[in-house]
Number of protein chains: 2
Amino acid sequence: MKSNPVSYQSAPAEVGVYDCEIRLKFRLLEEKKALGDREQLLELLLDAFACGADEYLEPLQVYVTAEEIPEVEASPQMRRQLIRLRNSNDLA
Amino acid sequence: MKSNPVSYQSAPAEVGVYDCEIRLKFRLLEEKKALGDREQLLELLLDAFACGADEYLEPLQVYVTAEEIPEVEASPQMRRQLIRLRNSNDLA
């Protein structure tokens with residue numbers, strides 16, 4: 001922990017653990033054969049959505065949320081990474 | 001409409017109207033100030049998810065579906081675009 005409050009303004013960014021949720025509904029004009037590949041479906045739809053609304057895509061619902069959760073609920077891997085980040089910040 | 005069935009194999013791609021839904025839940029390590037900007041939240045989270053799972057991101061739920069719907073349910077703009085696509089295919 002930093003002991004000098006004067007350094008607060010320039011302190012390294014604080015990192016948290018977040019539970020995130022994205023729900024997207026949209027209508028899409030697309031080639032039928034392109035949507036046949038279930039493996040690639042998510043990537044294709046995310047790419048299409050990222051291109052924005054036009055005559056090929058009409059958003060119907062967009063819901064997004066990120067809620068901070070207690071660190072103890074994070075996985076061991078994620079908590080280790082969090083500790084690494086803080087240690088490297090303290091050394092900076 | 002193409003009258004020669006022999007040309008079917010090389011016919012232009014058929015286009016349909018789809019209702020698409022994406023639901024993503026994941027846990028994320030992120031700087032707290034980065035998530036404060038609600039305007040940029042969706043873009044930030046989609047970018048993070050696109051980078052894949054690692055010690056910064058753990059997917060919890062991935063749901064994706066694309067269901068073809070009758071063209072008459074599409075908006076006039078989308079139906080016009082569909083007609084344009086088909087006309088250009090017929091001319092090709």
Side-chain angles (χ1 to χ4, degrees), chain A residues 12-50 53-69 71 73-82 84-85 89, chain B residues 12-50 53-69 71 73-82 84-85 89:
Chain A
E14 212 181 342
V15 174
V17 183
Y18 293 84
D19 267 358
C20 305
E21 184 172 358
I22 297 171
R23 288 205 298 263
L24 305 175
K25 288 186 184 178
F26 52 90
R27 199 156 277 173
L28 182 68
L29 274 192
E30 186 54 272
E31 294 184 4
K32 295 186 181 189
K33 64 180 179 186
L35 290 176
D37 184 349
R38 308 302 292 183
E39 295 289 316
Q40 300 295 320
L41 184 59
L42 178 61
E43 196 178 345
L44 183 146
L45 294 187
L46 285 176
D47 285 349
F49 186 83
D54 56 17
E55 60 267 40
Y56 289 92
L57 187 141
E58 294 175 353
L60 301 174
Q61 185 196 59
V62 176
Y63 172 85
V64 57
T65 181
E67 189 181 351
E68 192 171 2
I69 63 164
E71 289 173 33
E73 291 183 24
S75 70
Q77 290 77 16
M78 202 165 252
R79 285 160 68 185
R80 274 200 294 273
Q81 182 62 22
L82 199 52
R84 276 196 291 268
L85 287 171
N89 279 349
Chain B
E14 211 180 343
V15 174
V17 183
Y18 293 84
D19 266 358
C20 305
E21 184 172 358
I22 298 172
R23 287 205 299 263
L24 306 174
K25 288 185 184 178
F26 53 90
R27 200 156 277 175
L28 181 69
L29 274 192
E30 185 55 271
E31 294 183 4
K32 295 187 181 189
K33 64 180 179 186
L35 290 177
D37 184 349
R38 308 302 292 181
E39 294 289 316
Q40 299 295 320
L41 185 59
L42 178 61
E43 194 178 346
L44 184 146
L45 295 185
L46 286 176
D47 285 348
F49 186 84
D54 55 18
E55 60 268 42
Y56 289 91
L57 187 142
E58 295 175 352
L60 301 174
Q61 184 196 59
V62 176
Y63 172 84
V64 57
T65 181
E67 189 181 352
E68 192 172 1
I69 63 165
E71 288 173 33
E73 291 183 25
S75 68
Q77 291 76 16
M78 202 166 253
R79 284 159 70 186
R80 274 201 293 273
Q81 182 62 20
L82 199 53
R84 276 196 290 268
L85 287 170
N89 278 349

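All chains are named by letter (A, B, ...) in the order of the sequence lines, taking the proteins before the strands, and each is independently numbered beginning at 1.
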Is there a donor-acceptor contact under 3.5 Å from the side chain of B/Arg27 to the main chain of A/Glu73? yes
Is the count of non-hydrogen atoms from other residues, nucleotides or ligands lying under 6.0 Å from A/Glu39 atom CD greater than 12? no
For chain B, find which of A/Lys33, A/Glu30, A/Gln77 contributes the most heavy-atom pairs closer than 4.5 angstrom. A/Glu30
Look at atom CD of B/Glu31 and say whether more than 12 heavy atoms of other residues, nucleotides or ligands are closer to it than 6.0 Å. yes
Derivation of the side chain to side chain contact (heavy atoms under 4.5 Å, CB included) call for A/Lys32 and B/Tyr18: CA-CA 9 Å; A/Lys32 295 186 181 189; B/Tyr18 293 84; 3.2 Å; yes
Part of A/Leu35 lying under 4.5 Å from any heavy atom of chain B: side chain
Based on non-hydrogen pairs under 4.5 Å, which of A/Ala48, A/Ser75, A/Ala50, A/Ala34 is most in contact with chain B? A/Ser75
Here the gap from B/Leu24 atom CG to A/Leu46 atom CG, rounded to the nearest 0.5 Å, amounts to 6.0 Å
Is the closest side-chain heavy-atom distance between A/Ile22 and B/Leu42 below 4.5 Å? yes
Spatial distance of atom CD (A/Glu21) from atom CD (B/Gln61) [nearest 0.5 Å]: 7.0 Å
Using 0.5 Å steps for rounding, measure from the OH atom of B/Tyr56 to the CG atom of A/Leu82. 9.5 Å
Heavy-atom pairs under 4.5 Å with chain A - which of B/Asp19, B/Val64, B/Leu29, B/Leu60 has more of them than the others? B/Leu29
Quick check: does any side chain N or O of B/Arg80 sit under 3.5 Å from a backbone N or O of A/Glu55, one acting as donor and the other as acceptor? no
In terms of heavy-atom proximity below 4.5 Å to chain B, should A/Phe49 be classed as side chain, backbone, both, or neither? side chain
The interface call for B/Glu68 against chain A, heavy-atom contacts under 4.5 Å, is side chain
